[in-house]
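These numbers come from a predicted model, not from an experiment. Residue indices begin at 1 and follow the sequence shown.
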Amino acid sequence: MKLGIVSAIFDQSNFEEMIDIVAENGLECVEVACWPQGKAERRYAGVSHIDTKNLTPENAQEILAYCESKNVEISALAYYPNPLDEDLEKRAEVIDHLHTVIDAAKLLQVNLVTTFIGRMPSKSVSENLAEVANVWPAIIQHAEENGVRIGIENCPMLFTEDEWPGGQNLMTTPSIWREVFQILDSDYLGLNYDPSHFVWQQIDYLKPLYEFKDKIFHVHYKDIKVYPDKLADVGVMATPLAYMSPKLPGLGDVDWGKYVSALTDIGYDGYTCIEVEDKAFEKNYEAVKNSVTLSTKYLRNFVI
């Protein structure tokens, strides 16, 4: 396995400086944030280290050359919007940009895009599954034609009141994964597996690794800390951030030894990327950089 980082946390750095930080930490890869230029719609989103809309073959070669000079590989191009937005104009914009990210992944020879399947928050699971069958085949076809795989992260995007009641990403549980993979039966659709999102949902984050081992295209390392006293006060029907908090790996409730052990059980030898979203390390940009160093040092206990 190769250890890397999700670049979204480096919102104050351009591509070259971001790669320099990754290299200085001894990381082998980076999942590069590729939102539309100048659009920061939520926390940890809106960061764009590669302008996929205007990427040319020449630009792609320059990017690859710089990465090679620093011994850093691009693990995936990342864009996490809501492709099933109930606002059809926004939905069209999202899907159009997702197509540019797929095109860029081909140009950069990365051949993997990490994203969300999306969700209509006000609709039921069954209604959303029907919409997946309506919207996603064309996206998958575009990916297949370009030889680019799509890894869906299992983040519910259900953290704040504006995302309720259903959240903005349907691919949140093993049960739903089975249904989506039946609807979209393609070798080019898989998972970007993040154990932290299972912790606060009270789902076993190890068991699905074994069942879906052939669908795991990419892996995240992010931790979650559930506060029992807060949970006892607000209950599971509250917005999740009322009783839990994202943390650096090793500072939350994920057992990383067991998690990496399970990855080795299933023979996973691909890219694994730290995702930093810990507010305790956001005092300034130096604190952000330090959080990456701390996370890297901790995970080197398991990934060498």
Practice task
Check whether I95 and L55 end up in the same hydrophobic cluster, where Ile, Leu, Val, Met, Phe, Trp and Tyr are linked by side-chain heavy atoms less than 4.5 Å apart.
Solution key: yes
Practice task
Classify the side-chain pair S75/H218 by whether it contains a donor and acceptor separated by less than 3.5 Å.
Solution key: yes
Problem - Where W177 and P208 come nearest, the two heavy atoms and their spacing - result: CZ3-CB, 4.0 Å
Exercise for the section: Assess whether side chain to side chain contact (heavy atoms under 4.5 Å, CB included) is satisfied between L27 and V292, documenting all intermediate values. Expected result: CA-CA 10 Å; L27 293 164; V292 176; 4.2 Å; yes
Exercise for the section: Provide the closest heavy-atom pair for F302 versus G257 in the form atom of the first, atom of the second, distance. Expected result: CE2-CA, 3.5 Å
Handout entry: Candidate pair K2 and E28, rule salt bridge (Lys or Arg N to Asp or Glu O under 4.0 Å), full reasoning
Key = CA-CA 6 Å; K2 295 182 179 180; E28 292 98 15; over 6 Å; no
Practice task
Take V254 and V199 through the side chain to side chain contact (heavy atoms under 4.5 Å, CB included) test and state the conclusion after the steps.
Solution key: CA-CA 7 Å; V254 176; V199 172; 3.8 Å; yes
Handout entry: Contact summary for V276 and S291, nearest pair of heavy atoms
Key = CG1-OG, 3.4 Å
Practice task
Determine, step by step, whether R178 and E211 satisfy the salt bridge (Lys or Arg N to Asp or Glu O under 4.0 Å) criterion, reporting the C-alpha distance in whole Å, the side-chain angles of both residues, the deciding distance to 0.1 Å, and the verdict.
Solution key: CA-CA 10 Å; R178 293 185 200 101; E211 179 181 350; 2.7 Å; yes
Handout entry: Single hit among V6, L3, V30, L248 for side-chain contact (heavy atoms from CB on, under 4.5 Å) with I274
Key = L3
Practice task
Check whether any side-chain heavy atom of K247 sits under 4.5 Å from a side-chain heavy atom of I224, and report yes or no.
Solution key: no
Fill in the blank from the handout: When rounded to the nearest 0.5 Å, the distance separating NE2 of H99 from NZ of K53 is 14.5 Å
Problem - Interatomic spacing from CH2 in W35 to OH in Y79 - rounded to 0.5 Å - result: 8.5 Å
Handout entry: Check against ring pair (Phe, Tyr, Trp, His ring centres under 6.0 Å), W200 and Y205
Key = CA-CA 10 Å; W200 63 268; Y205 55 85; over 10 Å; no
Exercise for the section: Indicate yes or no: at least one non-hydrogen side-chain atom of H49 is less than 4.5 angstrom from one of F10. Expected result: yes
Exercise for the section: Determine, stepwise, if the pair K258 / L206 fulfils side chain to side chain contact (heavy atoms under 4.5 Å, CB included). Expected result: CA-CA 8 Å; K258 289 182 178 178; L206 300 177; 4.0 Å; yes
Exercise for the section: Answer yes or no: is there a side-chain heavy-atom contact under 4.5 Å between V219 and Y259? Expected result: yes
Problem - Flag side-chain contact, heavy atom, 4.5 Å: P156 against H197 - result: yes
Exercise for the section: Measure the CD1-CD1 distance between I102 and I140 for me, rounded to the nearest 0.5 Å. Expected result: 7.5 Å
Fill in the blank from the handout: Heavy-atom closest pair (Y268 atom, I216 atom, distance to 0.1 Å) is CE1-O, 3.5 Å
Exercise for the section: Taking atom CG of D187 as the centre, report whether more than 12 heavy atoms of other residues, nucleotides or ligands fall under 6.0 Å from it. Expected result: no
What pairs of donor and acceptor atoms, side-chain ones from residues 226-234 against any protein atom, are under 3.5 angstrom apart with sequence neighbours left out?
none

Exercise for the section: Under the side chain to side chain donor-acceptor pair (under 3.5 Å) rule, what do T272 and Y221 come out as? Steps first, then yes or no, please. Expected result: CA-CA 7 Å; T272 64; Y221 296 133; 3.2 Å; yes
Exercise for the section: Consider only side-chain N and O atoms of T173 and Q201, and report whether a donor and an acceptor are under 3.5 Å apart. Expected result: no
Handout entry: Any donor-acceptor pair under 3.5 Å from Q141 side chain to P137 backbone
Key = no
Problem - Side-chain heavy-atom pair R91, E131 within 4.5 angstrom cut-off - result: yes
Practice task
May I ask you to test the F212-P174 pair for a side-chain heavy-atom distance under 4.5 Å?
Solution key: yes
Practice task
Go through the side-chain N and O atoms of S196 and D223 and say whether any donor and acceptor fall under 3.5 Å apart.
Solution key: no
Problem - Residues K289, E286: salt bridge by 4.0 Å N-O rule - result: yes
Handout entry: Common cluster, M244/V236, ILVMFWY with side-chain heavy-atom separation under 4.5 Å
Key = yes
Problem - Expected output: side-chain H142 to main-chain L98 donor-acceptor under 3.5 Å - result: no
Practice task
Report the distance from atom CZ of F15 to atom CD1 of I74, rounding to the nearest 0.5 Å.
Solution key: 4.5 Å
Handout entry: Stepwise side chain to side chain donor-acceptor pair (under 3.5 Å) check, D51 with N54
Key = CA-CA 6 Å; D51 179 3; N54 297 302; 2.8 Å; yes
Handout entry: R149 charged N/C atom sitting above F217 aromatic ring, 6.0 Å / 45°
Key = yes
Problem - Polar contact flag, side-chain donor to acceptor under 3.5 angstrom, T56-N59 - result: yes
Exercise for the section: With the side chain counted from C-beta on, respond yes when L64 and Q61 share a heavy-atom pair under 4.5 Å apart, and no when they do not. Expected result: yes
Completion exercise
Sorted by chain and residue number, the side-chain contact (heavy atoms from CB on, under 4.5 Å) partners of N169 (sequence neighbours excluded) come out as F116, I117, I152, M157, M171
Handout entry: Under 3.5 Å side-chain donor-acceptor pair for Y66 and D20
Key = yes
Handout entry: Point-to-point distance, once rounded to the nearest 0.5 Å, from CG of N192 to CD1 of I150
Key = 12.5 Å
Practice task
Group every Ile, Leu, Val, Met, Phe, Trp and Tyr by side-chain heavy-atom contacts under 4.5 Å, then state whether V135 and V113 land in the same group.
Solution key: yes
Exercise for the section: Search all heavy atoms of G26 against all heavy atoms of R300 and return the closest pair with its distance. Expected result: O-NH2, 2.8 Å
Exercise for the section: Return the minimal non-hydrogen interatomic distance between L77 and A105, and the atom names on each side. Expected result: CD1-N, 3.4 Å
Problem - Polar side chain donor-acceptor pair, Y193 to N154, under 3.5 angstrom - result: no
Exercise for the section: Check whether any side-chain heavy atom of F281 lies under 4.5 Å from a side-chain heavy atom of V288, and answer yes or no. Expected result: no
Problem - Gap separating the CG atom of D87 from the CG atom of N82, nearest 0.5 angstrom - result: 10.5 Å
Exercise for the section: Just grab all the side-chain hydrogen bond (donor to acceptor under 3.5 Å, both in side chains) pairs involving residues 118-130, residues at least two apart or on different chains. Expected result: E86-S122, S124-S126, S124-E127
Exercise for the section: Give the cluster check for I304 versus I5: same hydrophobic cluster or not, with ILVMFWY residues linked at side-chain heavy-atom distances below 4.5 Å. Expected result: no
Exercise for the section: May I ask you to check if K215 and F181 form a cation-pi contact, with NZ or CZ under 6.0 angstrom from the six-membered ring centre and within 45° of the axis? Expected result: yes
Handout entry: Main-chain N/O of L241 paired with T239 side-chain donor or acceptor, under 3.5 Å
Key = no
Practice task
State plainly whether one hydrophobic cluster holds both Y271 and I63, where clusters connect Ile, Leu, Val, Met, Phe, Trp and Tyr through side-chain heavy atoms under 4.5 angstrom apart.
Solution key: no
Exercise for the section: Please assess V180 against L189 for the test side chain to side chain contact (heavy atoms under 4.5 Å, CB included), listing each intermediate value before the final yes or no. Expected result: CA-CA 10 Å; V180 171; L189 182 69; 4.3 Å; yes
Practice task
Kindly determine whether E31 and T114 satisfy side chain to side chain donor-acceptor pair (under 3.5 Å), including the steps that lead there.
Solution key: CA-CA 8 Å; E31 181 184 351; T114 47; 2.6 Å; yes
